[in-house]
Amino acid sequence: MDIPIVIFLVIYSVLVVGFLIMSLFLVYHALRFGQTTFLNFFTLSMYMVVSIFLLTQAVQFINTVDWSQTINIVSLLTSVVY
Amino acid sequence: MLNINHLPNQAPDEEVVLLLRRHIFIILREVALFMIFAGLPLLAWYLLQRNLPTFFDDDIRVSLAILLVYAYELYVWLFFYRAFIDYYLDVWIVTNKRIINIEQMGLFNRRISEQKLFRVQDVSSSQQGFFGTFLDYGDVSIQTAAEVGRFTFEQVPHPTQVALRITELVEHDKHNHPLVNP
């Protein structure tokens, strides 16, 4: 059974949207309820920088893949195991 | 944002005496745990190369595995920051007039309660476990006469000294308070 691999890209996109929504809540909490300290701003900046790094790396990788290909799910599993 | 020099409803002669969070070991333990989780894909990659090298014969399969790793690392990072926020936003503030208990429970629950020092009836501390005893952290329980009966400062550093300091502040406040000493 062949399925287009773009489905995995869609699933990844949904996960990224979930990540962004939860990040929004966390950043709101840090800014709304956190203290006005260096530690708070430093950790918040670190979180943003690492998140942006991970997302841009993923986007760069996604651009290198031909997402119009298909994959056979049955052979995918069996060829790995056997 | 919470400014420690400008507490909500702060009295003119009110001063912050103690600002407490959980012991730093608690968050360092989380950091270690998340570093292990973040490193798991590397271990999986190594084990696949060693035991199942045919996995890497198919470019599509490798691409999907890399995409999975990106999603995994993103969520490890998210849950790590969430753990930090949970640690950082739990604060116990003791002033010379009152005790303020700020607790963040998950993303959507936040509880703030306060109690006047002269209402405190009993202060006790406890340390449990190897790390608690070795690193000197534990719980401080404060029993009050109000509806919010008991405050517990969880896993704070030097609990015995904290309990003693609060007892001193309570005695001092009761001595000077017009309701207790008219």
Side-chain angles (χ1 to χ4, degrees), chain A residues 3-5 7-9 11-16 18-37 39-41 43-44 46-62 64-67 69-73 75-77 79-82, chain B residues 1-8 16 19 21 24 27 31 34 38 48 51-91 93 102-112:
Chain A
I3 60 162
I5 61 167
I7 286 176
F8 295 97
L9 186 60
I11 294 170
Y12 175 77
S13 304
V14 170
L15 289 172
V16 168
F19 170 83
L20 292 175
I21 291 169
M22 286 170 80
S23 294
L24 199 68
F25 281 117
L26 288 175
V27 170
Y28 171 78
H29 274 82
L31 290 175
R32 174 77 178 80
F33 303 119
Q35 275 180 261
T36 48
T37 58
L39 179 68
N40 195 20
F41 290 112
T43 51
L44 186 58
M46 279 293 291
Y47 180 69
M48 303 282 245
V49 167
V50 174
S51 300
I52 290 166
F53 173 76
L54 284 171
L55 288 169
T56 49
Q57 289 294 305
V59 168
Q60 279 178 9
F61 168 73
I62 285 166
T64 63
V65 178
D66 176 11
W67 294 98
Q69 297 175 89
T70 59
I71 193 166
N72 189 300
I73 285 291
S75 69
L76 171 76
L77 298 172
S79 62
V80 170
V81 177
Y82 304 107
Chain B
M1 284 186 124
L2 177 68
N3 187 339
I4 209 66
N5 298 315
H6 298 95
L7 293 173
V16 175
L19 173 74
R21 284 200 173 83
I24 189 117
I27 191 65
V31 170
F34 279 102
L48 277 173
N51 301 318
L52 210 62
T54 54
F55 179 86
F56 297 94
D57 293 346
D58 187 347
D59 285 346
I60 298 177
R61 196 160 48 208
V62 173
S63 296
L64 294 180
I66 292 172
L67 196 65
L68 177 71
V69 170
Y70 274 122
Y72 172 82
E73 294 294 353
L74 206 58
Y75 272 80
V76 167
W77 183 235
L78 175 81
F79 285 114
F80 169 63
Y81 190 60
R82 189 201 157 283
F84 171 77
I85 287 288
D86 204 22
Y87 165 84
Y88 187 68
L89 295 185
D90 280 356
V91 186
I93 301 166
I102 304 171
E103 278 185 89
Q104 185 72 37
M105 292 163 287
L107 264 184
F108 301 103
N109 289 309
R110 184 172 168 81
R111 186 172 64 197
I112 302 173

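Remember, it's a predicted structure, so these values are computed and weren't measured experimentally.
- Panel note: side chain B:Tyr70, backbone A:Ile62; no donor-acceptor pair is recorded below 3.5 Å.
- Once rounded to the nearest 0.5 Å, the distance linking CG of A:Asn40 with CG of B:Leu89 reads 7.5 Å.
- Heavy-atom minimum distance, B:Tyr75 versus A:Leu15: OH-O, 2.6 Å.
- Heavy atoms closer than 4.5 Å to chain B are found in the side chain of A:Tyr12, but not in its backbone.
- Nearest heavy-atom pair, A:Ser51 versus B:Leu74, reported as atom, atom and distance to 0.1 Å: O-CD1, 4.4 Å.
- Considering all non-hydrogen atoms of both residues, B:Ser63 and A:Val65 come closest at OG-CG2, 3.9 Å.
- Proximity to chain B is limited to the side chain of A:Phe61, based on heavy atoms less than 4.5 angstrom apart.
- Counting heavy atoms of neighbouring residues, nucleotides and ligands inside a 6.0 Å radius, atom CE of B:Met105 exceeds 12 of them.
- Ranked by heavy-atom pairs shorter than 4.5 Å toward chain B, the options A:Thr43, A:Leu44, A:Val16, A:Ile5 are led by A:Thr43.
- The part of A:Thr70 that comes within reach of chain B is its backbone (N, CA, C, O), which places non-hydrogen atoms under 4.5 angstrom from that chain.
- Side-chain atoms of B:Leu78 and A:Tyr47, non-hydrogen and from C-beta on, do get closer than 4.5 Å to each other.
- Side-chain N or O atoms of B:Trp77 include none that pairs as donor or acceptor with a backbone N or O of A:Val50 at under 3.5 Å.
- Closest heavy-atom contact between B:Ile85 and A:Ala30: CD1-CB, 3.6 Å.
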